[in-house]
2 protein chains.
Amino acid sequence: MRLSTKGRYGVMAMYQLALNYENGTISIKDIAQKMDYSDAYLEQMFATLKKERLVTSHRGPKGGYRLSKDPDKITVGDVIRALEGPIEFSSCVGGSENYNCDKSGFCVTKDIWEQVNDSINQVIDNITLGDLLNKNKNSKIGQRS
Amino acid sequence: MRLSTKGRYGVMAMYQLALNYENGTISIKDIAQKMDYSDAYLEQMFATLKKERLVTSHRGPKGGYRLSKDPDKITVGDVIRALEGPIEFSSCVGGSENYNCDKSGFCVTKDIWEQVNDSINQVIDNITLGDLLNKNKNSKIGQRS
DNA sequence: GATATTCCGAGTGGAATAGTAGGGTATAGA
DNA sequence: TCTATACCCTACTATTCCACTCGGAATATC
C-alpha cells in the first residue's frame, strides 16, 4: 500500500517546474540532473502529465516543459492521480474500474475504505505546488547556502 | 497504492471472529466458508495475526481461533498494520526500515507523505471491530433476511 | 488411535514496477 | 539548409511483489 516511484518523483519533478515557472521551459535533462534521476523514465512520466494537461511542451533546442497553469492552481493530488490513477485504498472502492463485489450492498468494511480514500484525497488536494514553493522559501530563512 | 488482499480479507476475517467472540473459537475452515475464500491463504494470515497477539489459537478438533481481547479493544488499524506493516504512503517516510534519502533534510515533499500517513492512521485507528458489529446490527433493522 | 485442527516452510505462476533502448519528429540557431 | 537539441513513441526486460498452493508435522479431542 504505497505510492510508486511515479507519484513520488512526479511531484518532485513538478516542483522543479514550479521553481522555473517564471523563466519559461526547462528540459527533462535539466530536471533529471537536478533530481539525480533517469531522464528516460522521467520522459515517460511527462508524456502522461502532458496528456493530463498539467504541463505544456516545446520541442527543439531551448525547448522543454512548463506548467500549464499557475503553481497555485495545481495540487499534489492532481499530479498523483494523473500518474497513478485514482486513489483507491482498497481495490473494491473508489476507482475507475471499480470492480463490483457481490456483497458490496452489505459489506461492513466498504465504508472504511471510502473514509480512507476521502482522507487521503483531502490531504493531497489541499496542497498546491505554490504551497511547496512558499514552504521552501520560508525554510531557507536562517539556513546556510 | 493499494491495500493488498491481506489487509482487506484480514479485516473481514477478524470481523467474523468478532461475531463469534462470545461463542469461543471458530476454525479457519468455517471462516473461509463464510467468506467464500481460500482457507490455505487465510491460514497464513492468521499465523501473522497470532504473532501480533491479536488472536489466540487452540489446536485439535473443536479448536480454532478467537480474538485475544474484546472487539472494542481491537482497531482496524491494528489488523491492517499487523498484516501489511506500518502505513507508509511513500516509501521514504513513516515505516520501519525507513530508507534514508540523502535529501530528506530539506525535501519539500516529505511533509506531504507524513500528513497522508497520519490521516490514514487516524481513520483506521478510530474504527474498532466492535464498531463494525454495531453497524451491522443497526443496518439489519428494516432489512429482510 | 482416528480425526480435526493448527502450525510451518517451501515453491510457483502471473502481474506490476522500474526502468532501458532505440528510433522518429520538430525547431532554433548558425 | 544543416545540425544539434530537444520532445515523442513504442517495445523490451529484469526484478520484485502478490496471491496463492502444497505437503507434512504437531497437537488436541473423542
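Keep in mind the model is a prediction, meaning the values are calculated, not measured. Residue numbers begin at 1 in each chain, while the letters A, B, ... track the order of the sequences. Below, each value reflects all heavy atoms present in this structure, side chains not excepted, and no hydrogens, waters or symmetry copies.
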TODO: Please state how far atom CZ in B/R8 lies from atom C1' in D/dA19, giving the value in whole angstrom units.
DONE: 11 Å
Task: Nucleotide C/dG9, atom P - distance to NZ of B/K51 in whole Å - done: 8 Å
- [ ] Taking only the side-chain nitrogens and oxygens of A/T5, find out if one of them lies under 4.0 Å from OP1 or OP2 of C/dA18.
- [x] yes
Task: Selection: residues 13-25 of chain B, any non-hydrogen atom under 4.0 Å of DNA chain C - done: none
- [ ] Check the distance between D/dC8's P and A/K29's NZ and give it to me in whole angstrom.
- [x] 16 Å
TODO: Using a 4.5 Å cut-off on heavy atoms from C-beta on, say whether the side chain of B/T128 contacts that of B/I74.
DONE: no
- [ ] Measure from NZ on A/K6 to P on C/dT17 and round the result to the nearest Å.
- [x] 7 Å
Open item on the list: What is the distance, to the nearest angstrom, from the CD1 atom on B/I31 to the P atom on C/dT6?
Closed with: 8 Å
- [ ] Start with the C-alpha gap between A/L42 and A/Y37, add the side-chain angles, then the distance that decides, and say whether side chain to side chain contact (heavy atoms under 4.5 Å, CB included) holds.
- [x] CA-CA 8 Å; A/L42 275 183; A/Y37 199 57; 4.0 Å; yes
Task: Heavy-atom side-chain contact between B/R66 and B/V55 under 4.5 Å - done: no
- [ ] Could you check if a side-chain atom of A/E84 sits within less than 4.5 angstrom of a side-chain atom of A/V79, using non-hydrogen atoms only?
- [x] no
TODO: Please state whether the phosphate of C/dC7, meaning OP1 or OP2, lies under 4.0 angstrom from any side-chain nitrogen or oxygen of B/Y65.
DONE: yes
Open item on the list: In whole Å, I'd like the distance from the CD atom of A/E88 to the P atom of C/dA16.
Closed with: 12 Å
TODO: Ignoring hydrogens and angles, tell me if any N or O in the side chain of A/K135 forms a donor-acceptor pair with the backbone of B/V108 under 3.5 Å.
DONE: yes
Task: Whole-Å gap separating P (D/dA6) and CD (A/Q33) - done: 11 Å
Task: Those residues of residues 37-46 of chain A lying under 4.0 Å from DNA chain C by at least one heavy atom - done: A/Y37, A/S38, A/Y41, A/Q44
Open item on the list: When you measure from the side-chain N and O atoms of A/S57 to the phosphate of D/dA6, is any distance below 4.0 Å, counting only OP1 and OP2?
Closed with: no
TODO: Taking B/T48 for its side chain and B/A82 for its backbone only, find out whether a donor-acceptor pair lies under 3.5 Å.
DONE: no
Open item on the list: For the backbone of A/N117 and the side chain of A/N121, can you confirm whether one donor and one acceptor N or O come within less than 3.5 Å of each other?
Closed with: yes
TODO: Could you tell me whether the side chains of A/R8 and B/T109 share a donor-acceptor contact shorter than 3.5 Å?
DONE: no
Task: Geometric class of the A/W113/A/F89 ring pair [parallel <30°, tilted 30-60°, perpendicular >60°] - done: tilted
Task: Any A/S4 side-chain nitrogen or oxygen under 4.0 Å from OP1 or OP2 of C/dA18 - done: yes
Task: Lys/Arg N to Asp/Glu carboxylate O, A/D78 vs A/R53, below 4.0 Å - done: no
Task: Annotated protein contacts, base or backbone, on nucleotides 24-30 of chain C with a non-hydrogen cut-off under 4.0 Å, one of B, S, - each - done: -BBBB--
Task: Student check: side-chain heavy atoms of A/L129 and A/L133 closer than 4.5 Å - done: no
